[in-house]
2 protein chains.
Amino acid sequence: MVNPIEALNKIFDSRIRLGVMSILIVNDSVSFNELKQLLELTDGNLASHLNTLEQADYLKVQKAFIGKKTNTTYFITDLGKHAFKAHLDALEKMIKGV
Amino acid sequence: MVNPIEALNKIFDSRIRLGVMSILIVNDSVSFNELKQLLELTDGNLASHLNTLEQADYLKVQKAFIGKKTNTTYFITDLGKHAFKAHLDALEKMIKGV
DNA sequence: AAAAGTGCTTTGTTTTTCAAAGTTAATTAA
DNA sequence: TTAATTAACTTTGAAAAACAAAGCACTTTT
């Protein structure tokens with residue numbers, strides 16, 4: 001038997017990052033503020049997790065003005081989608097004892 | 001919509017603890033050494049994660065002698081089974097966007 | 001007698017998490 | 001026009017967690 005945990009993605013150890021990804025995989029764009037409210041996080045905490053995901057190229061950011069008000073929107077990347085799905089597959093396999 | 005991550009169990013943030021639980025949920029008893037080999041961990045690291053799970057009453061330990069050689073065996077508790085299943089359910093719900 | 005295995009505990013470093021405060025720039029309220 | 005508020009961070013610092021390595025008591029194997 002192979003080590004069952006090595007296919008799990010370390011980046012998705014975090015509940016928060018899992019939450020972000022599961023939101024972004026179904027909604028193709030979500031604002032900073034929406035994420036903050038959905039996940040009930042402080043600005044700094046959310047920003048740092050988003051940063052971790054961005055560093056990994058799992059999501060990308062778009063800063064825009066709505067009128068003259070800034071709006072920051074997050075999108076999942078293809079890499080992010082694949083990584084997330086691979087993680088879920090690995091989880092499933094692990095649980096099923098394959 | 002409710003915060004999707006609050007139903008996730010913080011104890012299962014760790015890949016290692018997830019791995020231990022998924023092994024113990026299908027094998028009703030596993031030795032320290034088997035876990036160590038399956039998960040490719042150092043003694044100290046494994047022991048501390050097992051300790052976290054034990055503190056939570058998610059698993060119990062049985063120390064026995066096989067001949068005169070010590071053997072430490074781990075079992076999942078009912079509480080552990082339920083907590084693990086609840087976590088997996090919460091994960092599934094989160095991913096499906098319920 | 002020396003080496004190696006079991007199952008830890010202890011120690012200490014590195015990494016991660018998080019809240020709180022500070023920041024820049026715009027917006028609305030008084 | 002000044003004050004308060006919102007957005008989206010960054011910085012700081014503290015606490016918690018992860019982890020490897022070493023130590024330990026005991027036993028078996030060589």
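Chain naming here is simple, since letters A, B, ... match the order of the sequence lines and numbering starts at 1 in each. Keep in mind that the numbers below use all heavy atoms, side chains included, and drop hydrogens, waters and symmetry copies.
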Are A:Leu38 and A:Phe75 co-members of a hydrophobic cluster defined by side-chain heavy atoms under 4.5 Å apart? no
Who pairs with A:Lys60 by side-chain hydrogen bond (donor to acceptor under 3.5 Å, both in side chains), at least two apart in sequence or on another chain? none
For B:His87, side-chain hydrogen bond (donor to acceptor under 3.5 Å, both in side chains) partners two or more places apart: none
Tell me every residue that passes side-chain hydrogen bond (donor to acceptor under 3.5 Å, both in side chains) with B:Asn51, counting only those two or more places apart in sequence or in another chain. none
Nucleotide C:dG7, atom P - distance to CG of B:Leu59 in whole Å: 15 Å
What nucleic acid atoms does B:Asp43 come within less than 4.0 Å of, heavy atoms only: base, sugar-phosphate, or nothing? base
Take the protein atom NZ of A:Lys36 and the nucleotide atom C1' of D:dC9, then report the distance between them rounded to whole Å. 10 Å
In whole angstrom, give the distance that lies between atom CZ of A:Phe32 and atom C1' of D:dC9. 7 Å
Residue list, side-chain hydrogen bond (donor to acceptor under 3.5 Å, both in side chains) with A:Ser29, at least two apart or on another chain: none
Of B:Asn33 and B:Ala47, the one whose closest nucleotide on DNA chain C sits nearer the 5' end is B:Asn33
Given D:dA8, is OP1 or OP2 found less than 4.0 Å from the side-chain N or O atoms of A:Tyr74? no
Take the protein atom CD of B:Glu54 and the nucleotide atom C1' of C:dG7, then report the distance between them rounded to whole Å. 13 Å
For A:Leu46 and C:dA19, what is the distance between atoms CG and C1' respectively, to the nearest whole Å? 13 Å
In whole angstroms, the gap separating P of C:dG7 from CG of B:Leu50 amounts to 11 Å
Give the rounded distance in Å between these two atoms: CG of A:Leu53 and P of C:dT17. 10 Å
Going by salt bridge (charged side-chain N to carboxylate O under 4.0 Å, His left out), name the residues that satisfy it together with A:Arg17, two or more places apart in sequence or in a different chain. none
Taking only the side-chain nitrogens and oxygens of B:Asn71, find out if one of them lies under 4.0 Å from OP1 or OP2 of C:dG7. yes
Apply side-chain contact (heavy atoms from CB on, under 4.5 Å) to the pair B:Val30 and B:Thr73, showing each step before the final yes or no. CA-CA 5 Å; B:Val30 180; B:Thr73 306; over 6 Å; no
Rounded to the Å, how far apart are A:Lys63 NZ and D:dA7 C1'? 10 Å
Which pairs, protein N/O on one side and nucleotides 17-20 of chain D N/O on the other, fall under 3.5 Å?
unit_1, atom_1, unit_2, atom_2, d
D:dA18, OP2, B:Arg17, NH1, 3.1
D:dC19, OP2, B:His49, NE2, 3.2
D:dC19, O5', B:Asn45, ND2, 3.4
D:dA20, OP2, B:Thr42, OG1, 3.1
D:dA20, OP2, B:Asn45, ND2, 3.4

